[in-house]
Amino acid sequence: MSWRDLRCGELRPEHVGQRLTVAGWVDTRRDHGGLVFVDLRDHTGKIQLVLKDAGAVHELRNEFVVQAVGEVAARAPDAVNPNLATGEVEIQVESLQIVSRSTPLPFQIGDDTVEETTRLRYRWLDMRGERMQRNLRMSHAAVNGIRRTMDDLGFIDIWTPAMTRGTPEGARDFLVPVRLQPGKFFALAQSPQLFKQLCMIGGLDRYYQIATCWRDEDLRADRQFEFRQLDLEMAFVEREEVLDVMEAAVVGAFEAVGKTPPERPFPRIAYDDAMSKYGSDKPDLRFAMEIQDATDVTRGSAFGVFANAPCVRYLVVPKTFSRAEHDRLVLLTKEWGAKGLANLSQVAKFLSEEELASFGVPEGSSGLFVADTEEVAAHALGLLRLHLARELDLIPDTDVFHWVVDFPLFKHDEETGEWTFMHHPFTAPTAGNEVWDPSEPQAVRGQHYDLVWNGWELGSGSIRIHDVDVQERVFTTMGMTDDEAKSKFGFLLDALAMGAPPHGGFAMGIERFVAQLAGEPDIRQIVAFPKVSSGSDPLTGAPTPMPDAVLAESGIRALPQEDPAKA
Ligand code: ASP
């Protein structure tokens, strides 16, 4: 005999008269003098059970698992519940078995006011609710849609190691000690980057994987220590072919979850334009409110703050601000690194007619100005643009996917004083720019591209270096000696020297993508068992200290740590 004939949410008037077995969780129980009504629930929905007020019925409590046998009956017309898919029927129970019991619950299923740590501590209860059921099933469907698309396009799924050498993706590595080689460590792969490139050099042509990646970074709304990527790589391709495949994968996922996909091709915007117009390399393009540049106009201004600044930029915001409102915006802008924020209405008296006319700030709007370095002005106004758009409700309910292209190949690392990679050190420079002075690399552009959805960076990719000399030049620019490059990346340099085809690829964060798809504010809602921002797992209590003897087996000893409880 099976545990159930139908799932709870599947019963319909067509089943009336049938004798069936159902099983599930007690959602609610109502006593009505002589009769007890139980809503029995599983992930498909609820069915009303009608029981005689006798025997085991008295013992029933919320979240007990029960199995019931009975006849499906039509509800009386005035008892029909139009809000429930099963609302026209009920089961007149003949026999009921309590399969397992539940202690009183720390929270009621589906209660959306519960604190997140409590939800995560009892994730199995949280998962019984509608939100996590929907998100985890949507995640599955999206991944299925992606897999189908990749398969249709001739990609093969190749498994690559989690335990490897450090992969430079810009985060810290998680280390794995090795008992057989005490004192040595594997790093958990920050991505399969070099393995997928080696697959191309190995003649595999079209690789993909739903790859788990590990990065030791501070946890945020869009970051967990471990996450999945749609990771892909293609040989003998130009940038546009990679973007085309990624767009197909996105559309495949939308279709798999029953949502209207975005139109293709997704618009492209150059990195320099993104930074100057929106102050961000992942701009939210659902609304305009572009940053304007006034530097040329204010060069010789009578207003010293503008005249003497290297860069003057502003936003035109469709609202006027009171003094108090403006002061609040000034505080925010200062937090974002700018020296201040000027409201045109307050500084207009220092400016010429020509200046005022060129700004084009209409009546009823405000011109908000930052006079600073180009980077600071872009950054602060980019954040202000987002802040005000949210506050003034200027963001329409649409989906905008776009590509950011033509990134610089290198950026200057203020901390180390060295040049470092913008994406990763395997990204190719643009064609025809393969030679540069390693001490002056700022003008070199890379074949790097990012995919952005409504201001969330979904992922990055690039056309890779397939020439060993260019690869060595990148390492030199980053301040690596030949010996260092050989010791860290000798295997890659060897492979590049043995017939490497041109190749390129991409990786898109699955959880970020699905969180957006599900309209969730953070990726923890998409992950079955996530960590919280302190970096621990409230469910299992991990991470935990290890006994010295266990550590010694791997050749390591823990440094004494201050007990946070005593500190
Ligand atoms: N490995 C890169 C990343 O994880 C993606 C890529 O360049 O394909 O961001």
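Both ligands and their constituent atoms are indexed starting at 1 by order of listing. Just so it is clear, the structure is predicted and the values come from calculations on it, not from any experiment.
- Ligand 1 lies less than 4.0 angstrom from a heavy atom belonging to His423.
- In the vicinity of Gln229, heavy-atom distances shorter than 4.0 Å reach the ligand 1 atoms 3 (C), 4 (O).
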> Taking it one step at a time, do Tyr208 and Phe506 satisfy ring-ring contact (aromatic ring centres under 6.0 Å, His included)?
Replying inline: CA-CA 10 Å; Tyr208 93 102; Phe506 196 82; over 10 Å; no
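- Within the listing of ligand 1, atoms 6 (C), 8 (O) sit less than 4.0 angstrom from a heavy atom of Lys196.
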> Where do Glu233 and Arg206 land on the salt bridge (Lys or Arg N to Asp or Glu O under 4.0 Å) test, with the steps shown first?
Replying inline: CA-CA 6 Å; Glu233 197 73 9; Arg206 287 189 160 207; over 6 Å; no
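- Gln197 does not count as a contact of ligand 1, since none of its heavy atoms falls under 4.0 Å from the ligand.
- Remark: His387 NE2 to Leu392 CG distance equals 8.0 Å, nearest 0.5 Å.
- The distance criterion of under 3.5 Å between nitrogen or oxygen atoms is met by Ser191 with respect to ligand 1.
- Contact atoms of ligand 1 toward Arg464: 6 (C), 7 (O), 8 (O) (distance under 4.0 Å to a heavy atom of the residue).
- Looking at atom 6 (C) of ligand 1, its nearest protein heavy atom turns out to be Gln193 OE1, 3.2 Å.
- Close approach of ligand 1 to Phe506 is summarised as follows: ligand atoms under 4.0 Å from at least one heavy atom of the residue are 8 (O).
- Contact between Leu409 and Ala428 at its shortest, heavy atoms only, is CD1-O, 4.1 Å.
- Set against the non-hydrogen atoms of Gly461, the atoms of ligand 1 under 4.0 Å away are 6 (C), 7 (O).
- Ionic pairing of Glu457 and Lys282 is not present here: no N-O contact between side-chain nitrogen and carboxylate oxygen is shorter than 4.0 angstrom.
- Neither the backbone nor the side chain of His448 comes within 4.0 Å of ligand 1, counting heavy atoms alone.
- Nearest approach of Arg131 to Pro521, heavy atoms of both residues: NH2-CD, 4.2 Å.
- The contact set between ligand 1 and His424, taken as ligand atoms under 4.0 Å from a residue heavy atom, comprises 2 (C), 6 (C), 7 (O).
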> Yes or no on ring-ring contact (aromatic ring centres under 6.0 Å, His included) for Phe489 and Phe475, after CA distance, side-chain angles and deciding distance?
Replying inline: CA-CA 10 Å; Phe489 299 112; Phe475 290 147; 4.9 Å; yes
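- A distance-only check finds a donor-acceptor pair linking the side chain of Arg385 to the backbone of Asp284 [under 3.5 Å].
- In this structure, atom 3 (C) of ligand 1 lies nearest to the protein heavy atom Glu169 OE1, 3.4 Å.
- Among all heavy-atom pairs drawn from Ala253 and Ile146, the shortest one is CB-CG1, 3.9 Å.
- Residue Ala507 has at least one heavy-atom neighbour below 4.0 Å for each of these atoms of ligand 1: 5 (C), 8 (O).
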